[in-house]
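Just so you know, residue 1 is the first one in the sequence shown, and it goes up from there.
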Amino acid sequence: MVRKFAFTLALLATARYALASSVVTNVDAPQVVEKKPGQTANYTEVCTDISGAISPENVIYPGASRFQELAGHYVVSSSQDSACVVEPKNSSDVGRILKIVGRTKTPFAVKSGGHASNPGWSSTKGVHISLNGFRTIEYNAIAKTVEFGTGLKWEEVYAALDPHGVSVVGGRVAGVGVGGLTLGGGYAWRTNQFGLTIDTVTAFELVKPNGEVVKVTEKSDPELFFGLKGAQNNFGVVTKLTLKAFPQGQVWGGMLTYAIPDTFAAVASAGAKFSAEVKDPKASLLSTVSYFNNTPIINVFPFYDGPSPPAGIFDTYLSIPSVANTIKTQSFVSFVTSIPGEELNGKFRGYFLGLSVPEYSDSFQQLVNKVAFDAGAELTPKSLVFMTLATEPFHPDILKHTTSPSAFPFTRTKMYTPFNLFLQWADPSQDAVFEAAIKKMRDTLESALVAEGHKDVKTAPLYSNYALWDTPLNRIYGSNLPKLKAIKARVDPGNVMGLAGGFKF
C-alpha cells in the first residue's frame with residue numbers, strides 16, 4: 001500500500017508547480033452592438049459577436065465535447081461556467097476578441113495551462129479565451145533562442161528541443177502551461193545556473209488591449225518589457241515567448257519516497273544540510289511533505305544537470321531507507337515527464353499559498369513535518385484529499401544572473417525561496433475551513449522564521465504564482481508598484497485587462 005501511495009503521489013507532492021516595438025498587426029475593429037456607459041453586455045450576445053469576428057468553429061459553448069478540456073483547471077474550484085470558450089488561432093483573432101470584450105465591458109479570462117488555483121484568475125462567467133491554438137515552436141540555432149506559443153505545456157517545449165541538444169529554463173513538472181509560469185516569474189530545475197524564467201526571456205509577442213499585436217523587447221520598449229517580466233496579465237495577452245536556449249544533455253534524477261515515520265526527522269535534516277552546504281549550481285531538488293488518505297509521506301526529487309552527481313551531494317538522502325527510488329540517468333524531458341501526478345487533475349478543489357523563506361534550518365524543516373502531519377490528521381474528516389508542503393531550496397545568487405530589471409521580484413539584493421503550501425479537498429461547503437487552515441499553517445511557519453531572526457519574511461517579495469487571491473499587491477510588487485501602475489495607464493488606459501482576473505494594479 002505504501003508503495004502504491006508513493007508512486008501515485010510523486011508529482012502531486014511537488015505542489016503544482018529582435019523586432020522593435022513596432023505594430024505587427026493592427027486589427028480592424030469588429031462590428032458589435034454599442035452599449036451605453038455602465039451597461040453590461042449580454043454574454044451570449046458577445047459570444048455571437050466574437051463568432052462573427054473570427055470564426056464560428058472557434059467559439060465553443062457549454063455541452064460541446066471540447067468545452068471542459070479548454071475551460072477546465074487542475075483544481076475545480078478555479079473553474080467557472082463561462083458563456084463560451086473562444087479558441088483563437090492567431091494573434092489577430094485575440095486582438096479582435098479584446099476589442100469586443102473591451103467595448104462591451106464583458107468579463108473574460110485567459111487560460112494557458114490551467115494551474116492557477118485562485119478562483120477567477122483564469123476563469124470567468126463571461127468569455128473564456130483559451131490559448132490552446134498557440135502551439136508553434138521555433139528553435140533558432142544561430143541566435144540560440146526558442147520562440148513558442150503560450151498554449152503549450154513545458155514538457156512539449158522540452159520534447160521539441162531535445163533532438164537539438166538544448167532546453168529552456170521553465171517548469172519543473174509536467175502539465176504546467178508556459179504562459180502563467182513565465183509571466184509570474186518562473187522557477188526551474190536550472191534556476192541555480194541561469195536565473196528565473198523571466199531572466200531568460202528576450203521577447204514577448206503581446207496583444208495589447210486596443211488590439212495591436214507587438215513584439216516587445218528590452219530595446220523596443222524597456223518599460224513594458226520590465227512589466228511583462230513578472231506582472232502577469234496586466235498589459236494584454238501574451239501569445240508567444242522567446243527564451244534563451246541552453247545546452248542540455250542527460251541528467252540524473254528521479255524520486256525518493258519515504259513512508260516510514262522513523263525516517264522523517266532524518267529527511268528533514270537532510271534538507272537543511274543540502275540547503276546550507278551544496279554549492280554546485282547543477283544540483284537542485286524539491287522536498288515535499290505530504291498527507292494523503294490518512295497517510296503521512298515525504299517525496300524528495302533530486303536533480304543533477306549531468307549524467308551523475310559528484311560524491312556527497314545527495315548521499316545523505318540516499319543513505320536514508322526509502323520505500324521507492326526511481327533515480328536514474330535519463331534525458332531532461334524524460335526526467336520531467338516520468339514523475340506522475342495528473343491523477344487528481346480536474347477532480348477536486350484546491351488552494352496554493354506561498355511563503356518567502358530565506359534559508360532552511362533544521363528546526364524549520366522539522367516544523368514543516370509537524371505542521372503538515374498535524375494539519376493532515378485534523379483536516380481529513382473535513383474531506384481532505386491531498387496536501388503537501390514543498391521546500392524549494394535555491395542558491396543565494398540566483399537573482400544575479402541578469403542586470404535587466406523585472407517587475408518580480410521587487411528587490412534582488414536578497415533571495416527568498418518560494419516555499420509552497422497546497423491543499424486539495426472534495427466538499428465545497430468546507431472551502432472556508434481549508435482557507436483558514438492553509439493560512440494558519442502559513443502563519444505558523446512565518447512566525448518560526450521570525451523567531452529565528454528573519455524579521456523581514458512578512459514583507460519580503462512573494463512569488464505571485466503561489467500567492468492567495470487576497471495577497472496585498474505590495475507583497476508581490478513592492479517598490480515597483482508605482483512604475484507598474486504608470487505602465488498600465490499607458491498601455492491600457494481603458495482598463496480592459498481589469499475585466500480579467502489576477503492581481504490588478
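The side-chain heavy atoms of Glu392 and Tyr463, taken from C-beta on, include no pair separated by under 4.5 Å. A 4.5 Å side-chain heavy-atom check between Val357 and Phe364 finds at least one atom pair inside the cut-off. A heavy-atom distance below 4.5 Å is not found between the side chains of Val75 and Arg349. Counting heavy atoms from C-beta outward, Thr417 and Tyr187 have side chains that stay 4.5 Å or more apart. Considering only heavy atoms from C-beta on, Phe314 stays 4.5 Å or farther from Leu256 through its side chain.
With rounding to the nearest 0.5 angstrom, the CG atom of Leu379 is 6.5 Å from the CE atom of Met441. Expressed to the nearest 0.5 Å, how far CD of Gln366 lies from OG of Ser361 amounts to 9.0 Å. Note that CZ of Phe303 and CG of Asn192 are 10.0 Å apart. Values are rounded to the nearest 0.5 Å.
The backbone N or O of Ser122 lies less than 3.5 Å from a partner atom in the side chain of His73, making a donor-acceptor pair. When atom types are taken as modelled, the side chain of Ser112 and the backbone of Thr150 share a donor-acceptor pair closer than 3.5 angstrom. Although no hydrogens or angles enter the test, the distance criterion places a donor-acceptor pair under 3.5 Å between the side chain of Ser269 and the main chain of Ala265. For the pair His401 (side chain) and Gln193 (backbone), a donor-acceptor distance under 3.5 Å is present. For Ser78 (side chain) and Ala116 (main-chain N/O), a donor-acceptor pair under 3.5 Å exists by modelled atom type.
Two rings, from Tyr351 and Phe434, have their centers 6.0 Å or more apart. Aromatic pair Phe264/Phe373: ring centres closer than 6.0 Å.
Test Trp469, Tyr477, Trp121 against Phe503 for ring-ring contact (aromatic ring centres under 6.0 Å, His included) and you get one pass: Trp121. Among the candidates Asn474, Leu468, Thr471, the single residue satisfying the side chain to side chain contact (heavy atoms under 4.5 Å, CB included) test with Leu462 is Thr471.
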Go through the steps for Asn132 and Lys111 under the test side chain to side chain donor-acceptor pair (under 3.5 Å), then give the verdict. CA-CA 8 Å; Asn132 183 65; Lys111 176 191 165 188; over 6 Å; no

Let me see the working for Thr402 and Ser404 under side chain to side chain donor-acceptor pair (under 3.5 Å), right down to the final yes or no. CA-CA 5 Å; Thr402 182; Ser404 176; 4.6 Å; no

With side chain to side chain donor-acceptor pair (under 3.5 Å) as the test, would you mind laying out the steps for Asn293 and Thr295 before giving the verdict? CA-CA 5 Å; Asn293 201 20; Thr295 302; 5.4 Å; no

Residue pair Trp189, Phe301: steps toward the side chain to side chain contact (heavy atoms under 4.5 Å, CB included) verdict: CA-CA 10 Å; Trp189 288 113; Phe301 302 84; 4.0 Å; yes

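Here Asp199 pairs with Arg412 in a salt bridge; the nearest charged N to carboxylate O distance falls below 4.0 Å.
Under the rule for a salt bridge (Lys or Arg N to Asp or Glu O under 4.0 Å), the partners of Glu87 that lie at least two apart in sequence or sit in another chain are Arg66, Lys89.
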